Undergrad: 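My structure is below; once you've seen it, I'll send some questions.
Within every chain, numbering begins at 1; the chains are lettered A, B, ... in the order of the sequence lines, protein sequences first and strands thereafter. On a predicted model such as this, the values are computed, not experimentally measured, just so you know.
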Protein chains: 2
Amino acid sequence: MPRNKESNQKVKDERKEQILSVALMLFATKGLAATRITDISAKTDISQGLIYHYFSSKEEIFVSLIRSAMNKMNEAARNLERLPIPAKEKIILAATELLKGIVKNESTSQYYFLITQAALSDAIPLEAKEIIKSQNDVKYEIITRIFQEGQKDGVVKDHDAREMTTFFFTTINGLALNKAIYGKKFKMPDKNIFLNMFLK
Amino acid sequence: MPRNKESNQKVKDERKEQILSVALMLFATKGLAATRITDISAKTDISQGLIYHYFSSKEEIFVSLIRSAMNKMNEAARNLERLPIPAKEKIILAATELLKGIVKNESTSQYYFLITQAALSDAIPLEAKEIIKSQNDVKYEIITRIFQEGQKDGVVKDHDAREMTTFFFTTINGLALNKAIYGKKFKMPDKNIFLNMFLK
DNA sequence: TTTTGCATTGAATAAATGTTCAACCAATAA
DNA sequence: TTATTGGTTGAACATTTATTCAATGCAAAA
């Protein structure tokens with residue numbers, strides 16, 4: 001008999017994790033098409049063959065990353081909405097955490113680029129585009145609701161809530177891409193400038 | 001003797017223009033690596049061979065597009081600075097024109113994506129990266145100066161001018177990408193929300 | 001120690017794609 | 001009409017790269 005089930009599963013999970021983590025970095029810095037399986041193989045020290053033991057194709061790796069990116073973002077948005085604090089606090093918290101995430105956690109900016117790439121590019125698996133299409137609105141709707149709540153409280157500006165949401169996410173997205181471009185050189189600007197768009 | 005010089009030059013310019021225009025669209029929607037010479041060939045109805053008569057490689061086409069994108073943007077920024085109007089008006093004008101450009105002229109959003117791609121990706125000709133490195137700051141510095149002038153006039157908020165500039169361009173960039181993703185479905189939000197970040 | 005099941009390897013395969021090049025054609029001057 | 005120049009073609013070539021697969025290694029059970 002070979003290794004026991006759990007131990008095998010552990011190895012499998014670790015390998016998958018390694019592959020996904022390196023692939024995220026590569027897809028974000030080179031793009032899907034320009035990332036070679038050999039690149040992933042070299043950076044993970046996992047043979048090409050083994051990568052195909054865990055994922056059926058390069059595209060499946062990409063789709064898997066998109067799926068987890070969307071899940072993480074939506075999960076965070078849902079948690080935010082549930083918090084027992086006023087709308088204004090939620091908005092400040094969201095801005096603070098998102099900007100912090102961009103500065104600290106490299107994978108945050110990388111996820112943003114991955115999603116931008118997937119949404120934008122024709123050369124991306126259909127499945128990835130569908131995941132985004134069906135899930136992207138979730139966080140938009142949540143933030144829009146929070147803005148509307150804040151307007152009732154009289155603390156959020158009286159612009160169209162959905163339009164403010166567009167600015168909210170496009171700006172965050174723009175910052176994340178800027179961070180991805182400039183790396184450590186990027187200096188995050190003061191979040192209060194950003195909050196001026198929304199808060200009275 | 002063949003066609004005369006001018007007539008030939010005209011044909012050449014037209015062909016180059018065709019190639020560049022189609023390549024811009026393809027690079028912006030698929031990325032450099034995923035765009036095939038055959039794609040450009042098919043969409044322009046120009047044979048593959050002829051493309052190599054005008055450009056020495058796929059990458060040269062890309063570099064050429066990056067160069068003209070940077071030139072256009074910097075030129076616009078320089079013209080803005082020269083206008084004989086108060087700083088506040090310049091800021092409003094810049095925002096108005098940039099947003100209008102994103103909504104109307106498809107190539108504007110496409111240029112933004114091209115530059116983001118080039119700045120971000122490792123799989124991009126070095127020359128393109130160097131053009132961006134050396135030229136990207138130009139427009140940042142111009143807008144920063146205009147913000148500072150506006151602060152002297154007492155019409156621009158007292159945040160760090162350079163940080164406001166970061167928000168200015170990251171937001172524009174984010175909007176342009178959003179437009180590129182959603183195309184005609186994209187609804188441009190009210191520019192006054194945006195201007196709240198900067199104007200008193 | 002031997003067997004077994006599964007992870008793992010990397011060379012082989014097949015397909016795709018950037019680039020080249022010899023031949024072709026079209027317009028004009030002679 | 002003919003010769004010439006230079007735009008134009010597309011098949012051929014060389015290279016790259018995703019994917020497969022037969023063989024190997026290894027940990028645990030018998």
Undergrad: Please check if atom NZ in B:Lys43 has more than 12 non-hydrogen atoms from other residues, nucleotides or ligands closer than 6.0 Å.
TA: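 Not buried by this count: 12 neighbours or fewer within 6.0 Å.
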Undergrad: Compare the minimum distances between each of C:dA7, C:dT19, D:dT8 and the side chain of B:Lys58, then state the nucleotide with the smallest one.
TA: C:dT19
Undergrad: Could you give the CZ-to-P distance, from A:Arg15 to D:dC26, as a whole number of Å?
TA: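 After rounding, the reported distance stands at 13 Å.
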Undergrad: What's A:Tyr54 touching, base or sugar-phosphate or nothing? Going by heavy atoms closer than 4.0 Å.
TA: sugar-phosphate
Undergrad: Does a donor on one side chain sit under 3.5 Å from an acceptor on the other, for A:Lys139 and A:Asn136?
TA: yes
Undergrad: Using a strict heavy-atom distance below 4.0 Å, which residues from residues 118-130 of chain B are in contact with DNA chain C?
TA: none
Undergrad: Among D:dT19, C:dA7, D:dT8, find the nucleotide with the atom closest to the side chain of A:Ser57.
TA: D:dT19
Undergrad: B:Ser56 and B:Glu60: side-chain donor and acceptor closer than 3.5 Å?
TA: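 Yes, a side-chain donor-acceptor pair sits under 3.5 Å.
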Undergrad: Strictly below 4.0 Å, N to O, side chains only: are B:Arg162 and B:Asp137 in salt-bridge contact?
TA: yes
Undergrad: Indicate yes or no for a side-chain donor-acceptor contact from B:Ser121 to the backbone of B:Ala118 under 3.5 Å, with no hydrogens or angles considered.
TA: no
Undergrad: Check each residue of residues 21-52 of chain A for a non-hydrogen atom within less than 4.0 Å of any atom in DNA chain C, then write out the ones that pass by number, or none.
TA: A:Ser47, A:Gly49, A:Leu50
Undergrad: Using modelled atom types only, decide if a donor and an acceptor are shared between the side chain of A:Thr108 and the backbone of A:Lys104 within a distance under 3.5 Å.
TA: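 No; judged by distance alone, with no hydrogens or angles, the pair does not exist.
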Undergrad: Output the rounded distance in Å from NZ (B:Lys16) to P (D:dT8).
TA: 13 Å
Undergrad: Is atom NZ of A:Lys157 surrounded by more than 12 heavy atoms (other residues, nucleotides or ligands) closer than 6.0 Å?
TA: yes
Undergrad: Any luck finding a side-chain donor-acceptor pair between B:Gln151 and B:Asp158 under 3.5 Å?
TA: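 Side chains of B:Gln151 and B:Asp158: no pair found under 3.5 Å.
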Undergrad: How close or far is atom P of D:dG7 from atom CD1 of B:Ile19, stated in whole angstroms?
TA: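 Result: 12 Å.
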Undergrad: Quick one: is A:His53 getting a side-chain N or O under 4.0 Å of the C:dA7 phosphate, OP1 or OP2?
TA: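 Yes.
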